[in-house]
Amino acid sequence: MTDPSTHPETSVHTLEAQRRANRQAVADLGLDPYGSRLDGMMDLASARALFDEQAHLDFQQAEADRKALEKASPGVTVPASPDRRPRVRVAGRVMLHRDNGKLVWMNLRDHTDASFQVAVSKRECSESGFAVAKSTDLGDLIAVSGPLMKTKAGEVTLWAETVQPCAKCLAPPPEKHAGLQDIELRYRQRYVDMWSNYETTRVFQWRSQIVAAMRRRLSEQGFLEVETPMLQTQAGGAAARPFITHMNALDIDLYMRIAPELYLKRLLVGGLPRVFEINRNFRNEGLDKHHNPEFTMLELYQAYGNYHSVMELTEDLVRHAARAAAELRRGEERVEPDGPSLPFGALQIDYGRAFDRVTYRELFIRGLGFDPGDTARVVSEAERRGIRTRNDRGDSIDAVFIVNKLFEDYAERTLDPARPTWIMDYPASLSPLTRPSRSNPAVAERADLFIAHMEIGPHYTELNNPDVQAAKFREQLSGLDDEESTFRTFDEDFIQALKVGMPPAGGMGLGIDRLMMLLTNQPTIRDVILFPLMRPQRDGETA
RNA sequence: GAGGGCGUAGCUCAAUCGGUAGAGCAGCGGACUUUUAAUCCGGAGGUUCAGGGUUCGAGUCCCUGCGCCCUCACCA
């Protein structure tokens, strides 16, 4: 292995070469530019909070008195002023560097504070600390210790006594005011995006804390978090194309899961009445501002519940999450601290009031002006609007799919995006795997939550009759084309589990990424996923 | 998968009808002990995404490829 630092001639850019030289200047002081263990460290926000106004004023006064006395009595040595100012040791990334000659001003950033001011004076700082400050580049990590004071302009500042290098930033940093703007670079080099654009770090801190609040809420309500297989021998629980991988030891193909559903239901059979999982699903499909091939889903099952009971649960959970988000985002414009209402782009979404409820049929009539059961009208209206009513072979497409196309294009869009809304009671024929309503077998006991025109999560009354489930599996399999039938199989073991007896249950899935877009006000799913999938770069390639 | 847009200095962005590729920041040399995107003086920095073509002349027009973004399609 060759150390690139000892071979700077290998196409090292000028700017990096300069930084390597500055790193050498630190090494020449006898210091390790890459630092070492430091105890008694404090984050920047905690340090700032420790500032003591009175101690600062007392010290200033004492110093003024001392200097006056020295002036009045030349030759007399006056003892140093008593200093009760809190002393702290902090570390951070250097965001700004203002070198005034014998006084260097820097602004540090860490995960708690976007800008924390440090002053390094040749008079008060250690000799090596001052030298380190002089050779510091933007983007370096440094540790600083000293008392907290306030400048003339009123800014809390660490007046450094020591400055130590922690890590050199050899890569030239983004523009110091605008930050890293290039969208592609922000995703590819998230580690630069995060420190350069402080908002990015905050969004991911919020995401983690909001999900933690949701976990606590579910735990309080008796739900147990579990982890079920991601590598599955058959990809079940949803209708989606899976990723296929291969296991060498058993020489079998495996599927990355598209949903945990069939395993979570096995746990209901096993006797856990309330289970949930927050984890990744993988779907081998397109990607856009609402889809990433791997995404995080909260899936939950409640024994002895139904779709109404899990709707109530979700409504409480989402409201609770919104409250947590509002608490974290307190002080932001259009954020109400107790959380009934949060901005999402131009919208202001109210999570406090009861979510709207509308049945599929009602919404269809509202959007289209006629009953979805009127098949002749459905076909004629579809044709009038240019929607296909025949497939490639010229056969009539089943009316229920035409109804749904009309529904998605003309009815869903009539929803108020600022009002979280449940669409309930989907046609049974559209939801073949859902339990039909006992009072009206034509509708499925299913509800879907929509916010800001995004589908957030389906809610179901689960099937627990093994014979009905088996029949529905078979029905689903019979209608598949060649491609689909390669990865859609009959899950014998799941049917076996249902034969053992699964309690009646409500189940739901909640798209965590989309919910986080809403609660952190981010326009695309990539902005709430730390490392969204990017096509690999083939640099240096010539045609 | 289809259509549209974009790709210029390390970063953020300009460049009129096809006519010598510019600025700010960063970086470099110098001055400066209360600065706030510090300021002042001086100098430096380019395979205009890659490859080909048209032209006296291409960042600009044409073709191909790569990547990103947007819209649509696919997609519980």
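Throughout, protein chains are lettered first and strands after them, A, B, ... in sequence-line order, and every chain is numbered starting at 1. These numbers were taken from a predicted model, which means no experiment stands behind them.
With hydrogens and angles disregarded, no donor-acceptor distance shorter than 3.5 Å links the side chain of A:Thr461 to the backbone of A:Arg435. The main-chain N or O of A:Met230 is never found under 3.5 Å from a side-chain atom of A:Arg257 such that the two would form a donor-acceptor pair.
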ask   = Base, backbone or nothing for each nucleotide of nucleotides 34-42 of chain B, written B, S, -, heavy atoms under 4.0 angstrom, 5' to 3'?
value = BBBBB----
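Comparing B:U60 with B:A15, their P atoms sit 15 Å apart, to the nearest whole Å. Rounded to whole Å, the separation between the C1' atoms of B:A26 and B:U71 comes to 37 Å. Taking atom C1' in both B:C68 and B:A58, the straight-line distance is 24 Å, to the nearest Å. The separation of B:G18 from B:C62, taken at their P atoms, amounts to 10 Å, rounded to a whole angstrom. When the P atom is compared between B:A9 and B:U54, the two are found 28 Å apart, to the nearest whole Å. A distance of about 26 Å separates the C1' atoms of B:C25 and B:U20, rounded to the whole Å. Comparing B:A50 with B:A44, their C1' atoms sit 28 Å apart, to the nearest whole Å. With C1' as the reference atom, B:U12 and B:A2 are 33 Å apart, rounded to whole Å.
Under the salt bridge (Lys or Arg N to Asp or Glu O under 4.0 Å) criterion, A:Glu445 pairs with no residue, sequence neighbours left out. Not counting sequence neighbours, the partners of A:Glu124 by the side-chain hydrogen bond (donor to acceptor under 3.5 Å, both in side chains) test are A:Ser121, A:Trp159. Residues satisfying the side-chain hydrogen bond (donor to acceptor under 3.5 Å, both in side chains) criterion with A:Gln189, sequence neighbours excluded, are absent altogether. Evaluation of the side-chain hydrogen bond (donor to acceptor under 3.5 Å, both in side chains) rule for A:Glu70 yields A:Arg66 as partners, not counting sequence neighbours. With sequence neighbours left out, A:Glu412 forms a salt bridge (Lys or Arg N to Asp or Glu O under 4.0 Å) with no residue at all. Qualifying side-chain hydrogen bond (donor to acceptor under 3.5 Å, both in side chains) partners for A:Glu312, counting only residues two or more places apart in sequence or in other chains: none. Listed by chain and residue number, A:Gln54, A:Ala55, A:Arg84, A:Pro86 satisfy the side chain to side chain contact (heavy atoms under 4.5 Å, CB included) test with A:Asp52 (two or more places apart in sequence, or in another chain). The side chain to side chain contact (heavy atoms under 4.5 Å, CB included) test applied to A:Val443 returns A:Asp425, A:Ser437, A:Asn440, not counting sequence neighbours.
Across all strands, A:Arg123 comes closer than 4.0 Å to base atoms (heavy-atom distances). Nucleic acid contact for A:Asp448: none, since no nucleic acid atom lies under 4.0 Å from a heavy atom of the residue. Note on A:Gly509: nothing from the nucleic acid sits closer than 4.0 angstrom, heavy atoms only. At a threshold of 4.0 angstrom between heavy atoms, the contacts of A:Leu430 include nucleobase atoms, whether or not backbone atoms are also involved. The residue A:Asn22 sits close only to the backbone: its heavy atoms come under 4.0 Å of sugar-phosphate atoms, none of a base.
Taking the O4'-C1'-N9-C4 or O4'-C1'-N1-C2 dihedral as appropriate, B:C25 has a value more than 90° from 0 and is therefore anti.
Of all nucleotides present, none satisfies the Watson-Crick or G-U wobble test against B:U54 with each distance under 3.5 Å. Using Watson-Crick or G-U wobble geometry with both donor-acceptor distances under 3.5 Å, B:U35 finds no partner in any strand shown. Across all strands shown, B:G1 forms a Watson-Crick or G-U wobble pair with B:C72, both key distances being under 3.5 Å. For B:G59, there is no paired base (Watson-Crick or G-U wobble, both distances below 3.5 Å). Base pairing annotation: B:C6 forms a Watson-Crick or G-U wobble pair with B:G67, both donor-acceptor distances under 3.5 Å. Pairing for B:A23 goes to B:U12, judged as Watson-Crick or G-U wobble with the two contacts each under 3.5 Å.
For the pair A:Arg446 and A:Tyr426, the cation-pi test (distance below 6.0 Å, angle within 45°) is passed. Cation-pi geometry between A:Arg419 and A:Phe355 is not met: the NZ or CZ atom fails to fall both under 6.0 Å from the ring centre and inside 45° of the normal. Cation-pi check for A:Arg190 over A:Phe531 is not met; the charged atom does not lie both under 6.0 angstrom from the ring centroid and within 45 degrees of its normal.
Listed in residue order, the members of residues 403-411 of chain A having a heavy atom less than 4.0 Å from RNA chain B come to none.
Taking every side-chain heavy atom of A:Leu15 into account, B:A26 is the closest of B:A73, B:A26, B:C69. Closest to the A:Arg535 side chain, of the nucleotides B:C75, B:C68, B:A26, is B:C68. The listed nucleotides are B:C11, B:U33, B:C70; the one nearest the side chain of A:Pro174 is B:C11.
Across the protein-nucleic acid pair, A:Leu185 atom CG and B:C11 atom P stand 7 Å apart, rounded to whole Å. Distance A:Lys134 NZ to B:A31 C1': 10 Å, rounded to the nearest Å. Rounding to whole angstrom units, NE2 of residue A:His290 and C1' of B:U71 are separated by 13 Å. A:Asp527 places its CG atom 12 Å from the C1' atom of B:C69, with the value rounded to the nearest Å. Distance CZ (A:Arg186) to C1' (B:C68): 13 Å, rounded to an integer number of Å. For the pair A:Gln181 CD and B:U8 C1', the interatomic distance rounds to 17 Å; values are reported in whole Å. If you measure from atom NZ of A:Lys289 to atom C1' of B:C72, you get 13 Å, rounded to the nearest angstrom. Note: CD (A:Glu294) to C1' (B:C75) measures 17 Å, nearest angstrom.
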Detail all sub-3.5 Å separations between protein N/O atoms and N/O atoms belonging to nucleotides 2-4 of chain B.
none

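Of the two residues contacting RNA chain B, namely A:Glu285 and A:Thr136, the nearest-nucleotide position lying further toward the 5' end is that of A:Thr136. Nearest-nucleotide mapping onto RNA chain B: of A:Arg526 and A:Pro173, the residue sitting toward the 5' end is A:Pro173.
In terms of heavy-atom proximity, A:Leu29 sits nearest to A:Ala131 at CD1-CB, 3.6 Å.
Side-chain nitrogen and oxygen atoms of A:Arg188 include at least one within less than 4.0 Å of the OP1 or OP2 phosphate oxygen of B:C68.
Among residues at least two apart or in separate chains, salt bridge (Lys or Arg N to Asp or Glu O under 4.0 Å) pairs with a member in residues 509-524 of chain A are A:Arg207-A:Asp513.
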